[in-house]
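One structure below.
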Amino acid sequence: PGPEGHLDAPGSPSPNSSMTTRELQEYWRKEKRCWRRVKLLFEVASARIEERKVSKFVMYQIVVIQTGSFDSNKAVLERRYSDFEMLQKNLLKTFREEIEDIAFPKKHLVGNFTEEMISERKLAFKEYLTLLYAIRCVRRSREFIDFLT
């Protein structure tokens, strides 16, 4: 598609539809060509506590909203703290200097499942993703894209 192209093919999804992984990957390919100011916004919409036999963790629901396109496309993904931690670790290997000022939510030994801690983390992760995305080399990195797809 030319400069006016969107993520929509014939029978395009309606506004606010969820993007598939394929569409998200296609989005990233276009983002690399960078011929229009499309931006991604991040919302950490909700969080739920998952209980497994041996572990208990919080699953954060991240909504990735693509702005600047004809439809605001959304992709929804779920990640846990350890996924964010892994992203941070991987990014530090390549972009230590670029991201040194970005605060990563600290690990807590207790209180991880309180309403208060979860709310705090949701905000912190939203902020974290937004700041990472603002750094061009980071948002185009394999690590960041893998985290989001």
Side-chain angles (χ1 to χ4, degrees), residues 1 3 5-7 15-149:
H6 317 298
L7 280 185
N16 302 329
S17 65
S18 289
M19 283 194 274
T20 60
T21 302
R22 192 184 57 73
E23 287 169 324
L24 205 50
Q25 284 163 342
E26 176 66 11
Y27 162 80
W28 287 109
R29 264 199 297 285
K30 289 190 176 142
E31 156 74 12
K32 282 208 169 74
R33 294 209 293 271
C34 233
W35 35 249
R36 63 197 161 92
R37 289 308 309 145
V38 168
K39 285 184 64 177
L40 292 185
L41 299 176
F42 302 95
E43 236 359 284
V44 181
S46 62
R48 64 172 203 280
I49 297 169
E50 289 265 315
E51 300 245 18
R52 302 279 163 84
K53 281 198 174 65
V54 288
S55 64
K56 179 176 172 180
F57 55 88
V58 180
M59 193 57 102
Y60 296 91
Q61 187 188 68
I62 304 156
V63 181
V64 184
I65 303 153
Q66 178 191 335
T67 66
S69 63
F70 179 66
D71 285 350
S72 285
N73 281 296
K74 288 183 182 178
V76 179
L77 34 125
E78 291 196 314
R79 297 290 180 268
R80 45 195 286 194
Y81 183 88
S82 56
D83 297 323
F84 280 98
E85 214 174 23
M86 184 57 91
L87 170 65
Q88 175 72 354
K89 222 167 73 187
N90 291 339
L91 288 173
L92 280 170
K93 286 181 196 145
T94 319
F95 305 107
R96 183 168 292 278
E97 303 244 302
E98 289 85 346
I99 69 171
E100 65 186 356
D101 296 331
I102 295 179
F104 185 79
K106 289 184 179 50
K107 210 173 187 63
H108 293 271
L109 295 175
V110 293
N112 282 322
F113 302 105
T114 63
E115 190 98 3
E116 194 183 356
M117 171 63 70
I118 290 172
S119 296
E120 209 174 285
R121 281 252 171 97
K122 277 171 29 183
L123 279 172
F125 281 139
K126 171 193 162 81
E127 178 81 344
Y128 174 71
L129 290 173
T130 302
L131 290 169
L132 289 180
Y133 182 74
I135 304 170
R136 174 179 287 187
C137 57
V138 173
R139 78 164 167 263
R140 294 180 171 189
S141 69
R142 179 83 270 151
E143 296 86 348
F144 191 65
I145 293 170
D146 284 350
F147 177 81
L148 290 176
T149 47

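Sequential numbering from 1 along the given sequence is applied to the chain's residues.
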- Do Tyr60 and Tyr81 have ring centroids that are under 6.0 Å from one another? no
Value for CG (Leu92) from CD (Glu98), rounded to nearest 0.5 Å, stands at 10.5 Å
Quiz item: Would you find a donor on one side and an acceptor on the other, under 3.5 Å apart, between the side chain of Thr114 and the backbone of Gly111?
Solution: yes
Counting C-beta onward and ignoring hydrogens, is there a side-chain heavy-atom pair between Ile118 and Ile49 closer than 4.5 Å? yes
Interatomic distance, CZ@Phe147 vs CG@Leu129, rounded to 0.5 Å, equals 5.5 Å
Glu127 meets the side-chain contact (heavy atoms from CB on, under 4.5 Å) criterion, sequence neighbours left out, with Leu131
*May I ask you to decide if Ile62's main-chain N or O and Arg79's side chain share a donor-acceptor pair within less than 3.5 Å?*
no
Less than 4.5 Å apart, side chain to side chain, heavy atoms only: is that true for Arg48 and Gln61?
no
Contact check, side chains of Thr94 and Ser141, non-hydrogen atoms, under 4.5 Å: no
Donor-acceptor pair, distance only, cut-off 3.5 Å: does the side chain of Lys126 make one with the backbone of Phe42? yes
Rounded to the nearest 0.5 angstrom, the CZ-NZ distance for Phe104 and Lys106 is 11.0 Å
### Query
Is the closest side-chain heavy-atom distance between Phe57 and Ser82 below 4.5 Å?
no
Separation between CZ (Arg140) and CD1 (Ile145), nearest 0.5 Å, reads 9.0 Å
Atom CE of Met86 with >12 non-hydrogen neighbours under 6.0 angstrom
no
Rounded to the nearest 0.5 angstrom, the CG-NZ distance for Leu109 and Lys107 is 9.0 Å
Using a 3.5 Å distance criterion without hydrogens, assess whether the side chain of Asp83 forms a donor-acceptor pair with backbone atoms of Arg80. yes
Does some side-chain heavy atom of Gln88 sit less than 4.5 Å from a side-chain heavy atom of Ile99? yes
Salt-bridge test for Lys93 and Glu143: reply yes if a basic N is under 4.0 Å from a carboxylate O, no otherwise. no
Value for CG (Leu132) from CZ (Phe84), rounded to nearest 0.5 Å, stands at 9.5 Å
Exercise. State plainly whether the residues Glu43 and Lys74 are in salt-bridge range, i.e. N to O under 4.0 Å.
Key: no
Scanning both residues in full, the closest heavy-atom pair of Ala103 with Tyr128 reads O-CD1, 3.8 Å
For Phe125 and Pro105 the tightest heavy-atom approach is CE2-CG, 3.6 Å
In short, Ala47 meets Lys122 closest at the heavy-atom pair CB-CD, 3.9 Å
Val58 versus Asn112: any side-chain heavy-atom pair under 4.5 Å? no
Could you check if a side-chain atom of Val64 sits within less than 4.5 angstrom of a side-chain atom of Leu41, using non-hydrogen atoms only?
no
Practice task
For atom CD of Glu97, decide whether the heavy atoms of other residues, nucleotides or ligands shown that lie under 6.0 angstrom number more than 12.
Solution key: no
